[in-house]
Engineer: 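Submitted below is the structure of interest, expressed as structure tokens.
Chain letters run A, B, ... following the sequence lines, proteins first and then strands; every chain starts at 1.
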Amino acid sequence: MSEYTPRSVDEIAKRVAQDIDEGMYVNLGIGQPTKVADFLPKDKDIFLHSENGVLGMGPAPDEANQDGDLINAGKQYITLLEGGSYFHHGDSFAMIRGGHIDLCVLGAFEVAENGDIANWFLGRPKDIPAVGGAMDLAVGAKKVYVIMDHVSKNGDPKIVETLNLPITGERCVNRIYTDLAVIDVTDDGLVVRDMVDGLSFEALQAKTGATLRPA
Amino acid sequence: MSEYTPRSVDEIAKRVAQDIDEGMYVNLGIGQPTKVADFLPKDKDIFLHSENGVLGMGPAPDEANQDGDLINAGKQYITLLEGGSYFHHGDSFAMIRGGHIDLCVLGAFEVAENGDIANWFLGRPKDIPAVGGAMDLAVGAKKVYVIMDHVSKNGDPKIVETLNLPITGERCVNRIYTDLAVIDVTDDGLVVRDMVDGLSFEALQAKTGATLRPA
Amino acid sequence: MLNKVTATALEAMRHVKDGDTVLIGGFGLAGQPAELIDALIERNAKELTIVSNNAGNGETGLALLLKSGCVRKIICSFPRQHDSYIFDALYRAGEIELEVVPQGTLAARIQAGGSGLGAVYTPTGYGTLLTEGKETRTIDGVDYVLEYPIKADVALIKAYKGDRWGNLTYRKAARNFGPIMAAASKHTIAQVSEVVSLGEIDPEHVVTPGIFVHEVVCIEGEAA
Amino acid sequence: MLNKVTATALEAMRHVKDGDTVLIGGFGLAGQPAELIDALIERNAKELTIVSNNAGNGETGLALLLKSGCVRKIICSFPRQHDSYIFDALYRAGEIELEVVPQGTLAARIQAGGSGLGAVYTPTGYGTLLTEGKETRTIDGVDYVLEYPIKADVALIKAYKGDRWGNLTYRKAARNFGPIMAAASKHTIAQVSEVVSLGEIDPEHVVTPGIFVHEVVCIEGEAA
């Protein structure tokens with residue numbers, strides 16, 4: 001088995017950022033997806049949307065400029081770019097549900113080979129359900145990209161034939177970015193677009209719970 | 001038969017205005033109902049709504065201050081009071097359909113004894129159907145008052161047992177102001193609240209196509 | 001740098017195709033995007049379905065569009081006005097199809113289209129000629145009609161100020177259908193009286209965020 | 001002269017009754033009407049159903065309201081936060097009922113309530129645990145869930161400026177649920193940082209027209 005280095009959190013975020021074009025309206029989910037913002041090209045107009053009524057999010061403010069009324073969906077302090085706007089939750093989810101968001105980047109617990117995603121609830125007896133905007137983003141955005149580790153901490157595949165965990169949205173994921181590979185969800189199944197150097201297709205398949213195809 | 005003088009258009013409008021309290025949100029329909037605005041007490045805050053996205057309509061402007069962007073639902077030039085506001089058609093009809101308009105005053109071709117109203121379409125072969133906001137106002141306003149002549153130009157009653165003309169809204173009229181009387185539509189039928197001087201109840205009943213009751 | 005400002009109204013029409021559904025803003029003449037409509041006439045796409053509150057006045061704007069023969073069908077709440085003689089003649093001659101929709105239902109259907117709802121139950125028009133044959137349901141003792149979304153290929157609206165990201169403000173009652181039509185269309189073209197720098201419109205005062213707008217055309221000398 | 005300005009937050013609570021449904025604005029702490037919530041706790045009405053995006057943070061505002069024992073049920077999209085320990089404990093002890101609603105469905109249901117729609121078909125949540133048992137329908141090839149309106153007895157929201165007719169503006173992302181909750185309630189109470197003269201809010205910049213607002217309470221020293 002050959003040597004390879006998994007992509008770091010930053011490297012994955014950078015890899016996603018490469019696939020975002022000028023003029024796109026993008027919602028970055030809470031957690032790891034938020035990091036994608038740090039790697040977007042500064043010379044291109046890319047519009048970041050936040051569920052809580054903000055379009056045109058800028059970088060995090062320094063401490064002196066934090067404003068409790070200006071936060072993102074993850075409740076982190078943000079800034080607004082010139083040309084940004086505020087609106088209410090009805091309008092914000094009209095943007096999402098109405099198909100106006102070009103791309104949403106989400107974290108996930110599991111993705112199935114047909115694009116089903118589970119990212120809202122582990123469903124263990126002690127867990128309290130909480131969904132936020134996850135289900136709206138999954139069904140509403142024109143494209144859904146997922147960032148997640150290729151396997152769980154126990155080594156179990158997170159890309160599976162059918163979901164084991166409660167579903168967030170049916171057949172909505174278009175692409176999966178893991179620490180090992182970038183995989184498209186297509187009508188012909190899961191297609192590997194790229195892999196980390198030194199990893200063989202067979203080794204990647206072995207860590208994946210559904211059948212992969214080379215590009 | 002005793003002598004009586006039918007109420008003039010202005011007298012009817014003034015009579016309606018007497019029944020409008022401070023703080024009410026009111027939509028005045030196109031035509032005769034618009035006249036009610038002229039008789040509202042100047043010292044009370046009464047809010048006039050127009051379907052095309054205006055709340056807080058003021059009196060008509062003089063010719064020098066007419067503005068093509070500031071019209072009412074009848075496409076007449078209007079003004080806006082201090083404290084008024086503009087909004088889009090979605091919000092404007094949310095106000096209507098959502099029950100936020102306290103009172104709507106409409107013209108009508110016919111009103112039935114159960115409160116059904118016909119005011120949008122005569123339905124003759126040559127007529128072109130056009131409804132505007134009439135159906136929304138009829139079902140949405142908390143109260144619907146109607147202003148109309150007591151009988152048609154042919155002398156036919158316009159207050160009837162059941163409508164002859166295409167319906168606008170079911171069981172929505174609360175009160176009818178005619179040139180002869182003010183009549184409430186109640187669960188116990190049509191109740192005459194007042195009549196012009198010199199007109200007998202029997203004479204009013206003779207001009208009415210449904211059974212009246214004294215107050 | 002993204003710039004949604006398009007030089008001419010005609011250029012903005014390049015995406016309009018035969019058979020398109022086109023939303024046109026305005027209530028009477030207020031908010032009617034007259035110059036965009038002129039350009040649409042020049043574009044000469046055929047078999048259009050037009051959605052607008054009225055069916056045109058006199059011999060301008062929407063009325064001229066109908067006269068041009070480009071329109072197969074119009075969906076509106078109030079076609080008949082004192083000076084809607086062009087529409088009236090076409091309708092009586094059977095040369096245009098008409099769908100009359102209560103004004104609030106027109107708004108609700110456009111909003112449903114823009115916000116991704118599959119259908120809505122509205123009380124308006126229940127039991128009337130305009131909802132004959134439509135599905136109904138009684139919910140909590142109130143009778144409702146099931147109404148389906150209106151989505152369009154193109155929207156033509158008239159705003160007041162716009163910037164290169166497509167943010168818009170409106171002027172007085174000319175706002176009317178503009179914001180909801182912008183959201184319900186695949187391609188929204190806004191004519192404005194003034195193009196302003198990014199940030200000049202206060203983010204609190206943006207009425208239509210740029211996400212709903214694809215092209216901004218400045219019509220000179222049109223300011224209030 | 002109509003004046004919707006009420007002197008104190010507690011006075012504004014006089015209409016709240018046992019068993020009421022109360023909409024409470026805010027997303028996390030932004031836009032949460034903390035002083036109105038404090039007054040609601042003091043009012044001590046019982047068996048309330050609360051509709052709010054979250055279920056409270058730390059030991060303030062909404063969290064304190066839950067702790068007060070006045071709340072029978074909460075409808076929200078995201079109850080679990082890092083500092084939502086008061087809710088978490090009540091929920092695990094079975095002392096509060098929870099209805100989790102996807103955030104956009106929460107908004108859509110509140111909007112349906114405010115705009116008089118009987119129900120709406122939304123694609124969100126189709127096929128998930130959160131819509132189990134709900135009516136569904138396929139429209140134009142897309143699967144939708146039928147969702148019913150949320151209407152309330154009282155709404156408590158936080159705005160920025162308000163006038164005596166109840167017109168409101170908001171501040172940045174604190175706008176969130178305020179405007180749609182104001183419209184969905186029989187009695188809307190807004191706390192503002194400043195009461196301004198009639199006309200001081202430009203009619204183009206009014207976000208919530210006074211028709212949706214019944215009482216305005218000025219909270220001193222709260223400006224940004």
Side-chain angles (χ1 to χ4, degrees), chain C residues 31 102-105 107-126 131 134-151 159-161 168-176 178-180 183 201-209 224, chain D residues 31 102-105 107-126 131 134-151 159-161 168-176 178-180 183 201-209 224:
Chain C
Q103 200 169 135
T105 301
R109 290 177 61 190
I110 292 169
Q111 288 186 292
S115 64
L117 299 178
V120 300
Y121 283 101
T122 178
T124 301
Y126 178 87
T131 61
K134 295 197 178 193
E135 191 176 334
T136 63
R137 184 183 293 213
T138 306
I139 301 169
D140 278 344
V142 178
D143 296 321
Y144 296 92
V145 181
L146 187 64
E147 294 280 0
Y148 291 91
I150 292 176
K151 295 180 203 177
Y160 182 41
K161 293 182 182 182
L168 302 177
T169 66
Y170 298 82
R171 192 170 174 279
K172 303 188 179 183
R175 186 182 302 196
N176 58 66
I180 64 174
I201 304 175
D202 186 322
E204 305 281 5
H205 302 159
V206 170
V207 176
T208 296
Chain D
Q103 201 169 136
T105 301
R109 290 176 61 189
I110 292 168
Q111 287 185 292
S115 63
L117 300 178
V120 300
Y121 284 101
T122 177
T124 302
Y126 178 87
T131 62
K134 295 197 176 190
E135 191 176 332
T136 63
R137 185 183 294 214
T138 305
I139 301 169
D140 278 344
V142 178
D143 296 322
Y144 295 92
V145 181
L146 187 64
E147 294 281 0
Y148 291 92
I150 292 176
K151 295 180 202 177
Y160 181 40
K161 294 182 182 182
L168 302 177
T169 66
Y170 299 82
R171 192 169 173 279
K172 304 189 177 182
R175 185 182 303 196
N176 57 67
I180 64 173
I201 304 175
D202 186 321
E204 306 280 6
H205 302 160
V206 170
V207 176
T208 297

Engineer: Please report the closest heavy-atom contact between D/Leu117 and C/Tyr144, naming both atoms and the distance.
Structural biologist: C-CE2, 4.0 Å

Engineer: Let me know if C/Tyr170 has heavy atoms under 4.5 Å from chain D in its side chain, its backbone, both or neither.
Structural biologist: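 Looking at C/Tyr170, just its backbone touches chain D.
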
Engineer: Anything under 30° is parallel, anything over 60° is perpendicular, the rest tilted; go ahead and classify C/Tyr121 against D/Tyr121.
Structural biologist: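 Tilted: the ring planes of C/Tyr121 and D/Tyr121 meet at 30° to 60°.
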
Engineer: Where do D/Ile139 and C/Ala119 come nearest, in terms of heavy atoms and distance?
Structural biologist: CD1-CB, 4.0 Å

Engineer: So which atom in C/Gly116 and which in D/Pro123 form the shortest heavy-atom distance, rounded to 0.1 Å?
Structural biologist: O-CD, 3.3 Å

Engineer: What option among C/Pro203, C/Ser115, C/Gly118 has the most heavy-atom pairs under 4.5 Å with chain D?
Structural biologist: C/Gly118

Engineer: Identify the two heavy atoms, one from C/Glu204 and one from D/Lys172, that lie closest to each other, and give their separation to 0.1 Å.
Structural biologist: OE2-N, 2.7 Å

Engineer: Compare all side-chain heavy atoms of C/Arg137 with those of D/Leu146 and state whether any distance is below 4.5 angstrom.
Structural biologist: yes

